[in-house]
**Q** 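Here it is: the structure, laid out below.
Every chain is numbered from 1, with letters handed out A, B, ... down the list of sequences.
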Number of protein chains: 2
Amino acid sequence: MREKLEKYFSFVFEKELLDEIVQVGVYKKLRENEVLVDLGDKMKGIPLLLEGAIKIVREDKNGDEMLLYFLERGDTCASSFASALTNGKCGIRAMAEKESEIIFLPKEKLDEWMVKYKSWRSFVIDSYNIRLNEMMETIDSLAFMNMSERLYKYLTDKAQIMRETSLNTTHQDIAYDMHTSRVVISRLLKQLENEGKIKLHRNKIEILEF
Amino acid sequence: MREKLEKYFSFVFEKELLDEIVQVGVYKKLRENEVLVDLGDKMKGIPLLLEGAIKIVREDKNGDEMLLYFLERGDTCASSFASALTNGKCGIRAMAEKESEIIFLPKEKLDEWMVKYKSWRSFVIDSYNIRLNEMMETIDSLAFMNMSERLYKYLTDKAQIMRETSLNTTHQDIAYDMHTSRVVISRLLKQLENEGKIKLHRNKIEILEF
DNA sequence: TAAGTTGCGTGATGACAATCACAAAACAAT
DNA sequence: ATTGTTTTGTGATTGTCATCACGCAACTTA
């Protein structure tokens, strides 16, 4: 754990803070598709993502889903902050897109570290800002782009987060993330294939053009 | 300024912090429709909203707009934090919906106060969380609601922010905020009127049912 | 290898929203 | 009062996406 922590966070956190994190942090490994945070959950800590990829989705009362954004290593879940500090409920679901490793930080430390470590303050503020920007991008997609553009952005974004040029996924899964139907996704994917941007296989989409 | 500050922030900030704010804050009055922050702006401070209402809008390269959310008294602009602390550019436009009063806080103080005042830390974190939640609501609207529902939500939300039961606005202005056309808004408004939820006048919409 | 399951392809149809076109009403200016 | 401008109302048409219906291909299991 120390090793991975150093790898991605030694340029972010002071040495003393890294020491504290190792002391109080709880290491956890997530299997693919394991749910880290669910809708009404109250957080008892916040997660630092050491390795892997996590998707954050919003769900409405009908059970319809909408992908908000992905987290990658070095990220934290800003929504958890809310919930952790105010003891409120979390309005999102967080789910591992692939095997991931995280460190849970107890919520008692969050405020304490704000006073002690400048690097922690910067990290918290930066995390919020990155998340706000991701949300704005999501709103941009929904407001200004058509399905085909949104789909292509989804594919390239996800490929980047997963650090792969091929995605192992089904049309139906994409449809859930984008809150549309499988039929629509299949048609648009076929169209993107004809344009030479991707290549389709069963359970797999190869991205040819970024 | 001290008076208004006390009125809305005395339960939020410690006395010492209020004193500091009065010392270093710059009071400013905004006329209706005055632009507070524009797209590429770099912020030299962050605004505390004492009175009035401000709308935060996203704009894409084609100049198309999309309302993100409204700020009311007691709020601050979370996006400014980003821009202020990192010297980066702001991806939004902030515009007074009616005459408003704000206090500009110099960015140098932001981090300093994080260390000194617990109330400031809470305020910053709370502001971010409220903003994240607003963004999620906006995403919910776009992803899960049809135009008619979005429109009705827009009207009631705006009425609440403006503290009026009637809105002085044109169909065209609403269309800009919701990124659709005037024709669509006019038709849906007429429909809402037929349902008895609103009453239409020239340049004015009365909301009968909340 | 036969049967069952899951994933994908595609035509047909409908609903909602975008866009075009134009007229009437409300108001402002001369 | 006349003219011009802004705001609103409404029919007609088009485009995008949602939904239904169904067949086929790929993989799994017995």
**Q** Between B:Leu189 and A:His179, just flag the one whose closest nucleotide in DNA chain D comes earlier from the 5' side.
**A** B:Leu189
**Q** Should A:His171 be listed as having a side-chain N or O under 4.0 Å from OP1 or OP2 of C:dG9?
**A**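 So the side-chain polar atoms of A:His171 do come within 4.0 Å of the phosphate oxygens OP1 or OP2 of C:dG9, strictly under.
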**Q** Expressed as a whole number of angstroms, how long is the span from A:Asn203:CG to C:dT6:P?
**A**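 Spelled out: CG on A:Asn203 to P on C:dT6 is 12 Å.
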**Q** Could you state the atom-to-atom distance from CG of B:Leu188 to C1' of C:dA18 in whole Å?
**A** 12 Å
**Q** Check whether any side-chain N or O of B:Ser186 sits under 4.0 Å from OP1 or OP2 of D:dT10, and answer yes or no.
**A** no
**Q** Report yes or no: do B:Glu51 and B:Tyr8 form a side-chain donor-acceptor pair below 3.5 Å?
**A**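 Yes, a side-chain donor-acceptor pair sits under 3.5 Å.
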**Q** Looking at C:dT10, D:dG11, D:dC17, which one has an atom nearest to any side-chain atom of B:Val183?
**A** D:dG11
**Q** Let's see if you can work this out: which of D:dC17, C:dG11, C:dA17 has an atom nearest to the side-chain heavy atoms of A:Arg187?
**A**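 In terms of side-chain proximity for A:Arg187, the closest of D:dC17, C:dG11, C:dA17 is C:dG11.
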**Q** Quick one: does A:Asp75's side chain get under 4.5 Å of A:Ile54's, heavy atoms only?
**A**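 They are not in side-chain contact.
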**Q** What does A:Ser181 touch in the nucleic acid at a heavy-atom separation under 4.0 angstrom: a base, only the sugar-phosphate, or nothing?
**A**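 The residue A:Ser181 makes base contact.
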**Q** Taking the side chain of B:Asn146 as its heavy atoms from C-beta onward, which of C:dA17, D:dT10, D:dA18 lies nearest to it?
**A**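 Out of C:dA17, D:dT10, D:dA18, the nucleotide with an atom closest to B:Asn146's side chain is C:dA17.
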**Q** Among D:dT8, C:dA17, D:dT19, find the nucleotide with the atom closest to the side chain of B:Val184.
**A**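 Among the listed nucleotides, the one closest to the side chain of B:Val184 is C:dA17.
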**Q** Write down the distance between CD (A:Gln191) and P (D:dG15), rounded to a whole number of angstrom.
**A** 15 Å
**Q** Any N or O donor-acceptor pair linking the side chain of A:Arg150 to the base of D:dT16 at under 3.5 Å?
**A** no
**Q** Of B:Asn168, B:Ile174, B:Thr170, which meets side-chain contact (heavy atoms from CB on, under 4.5 Å) against B:Ile205?
**A** B:Ile174
**Q** With a 3.5 Å cut-off and no angle check, do the side chains of B:Tyr128 and A:Asn129 form a donor-acceptor pair?
**A** yes
**Q** May I ask you to say whether B:Arg2 pairs ionically with B:Glu6, meaning some side-chain N is under 4.0 Å from a carboxylate O?
**A** yes
**Q** Taking OP1 and OP2 of D:dA18, is either one under 4.0 Å from a side-chain nitrogen or oxygen of A:Thr180?
**A**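 So the side chain of A:Thr180 is within the cut-off, an N or O lying under 4.0 Å from OP1 or OP2 of D:dA18.
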**Q** Give the rounded distance in Å between these two atoms: CG of B:Leu200 and C1' of D:dG9.
**A** 11 Å
**Q** Taking atom types as they are modelled, is there a donor-acceptor pair under 3.5 Å from the base of D:dT6 to the side chain of B:Arg202?
**A**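 Counting by modelled atom types and ignoring angles, a donor-acceptor contact under 3.5 Å is found here.
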**Q** Measure from CD1 on B:Ile185 to P on D:dT10 and round the result to the nearest Å.
**A**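 The answer, rounded to whole Å, is 16 Å.
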**Q** Can you measure B:Ile205 atom CD1 to D:dT7 atom C1' for me and round it to whole angstrom units?
**A** 12 Å
**Q** Quick one: A:Glu193 CD to C:dC8 C1', roughly how many Å, whole number?
**A**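 Value for this atom pair: 11 Å.
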**Q** For A:His201 and D:dA26, give me the distance from atom NE2 to atom P, rounded to whole Å.
**A**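 After rounding, the reported distance stands at 13 Å.
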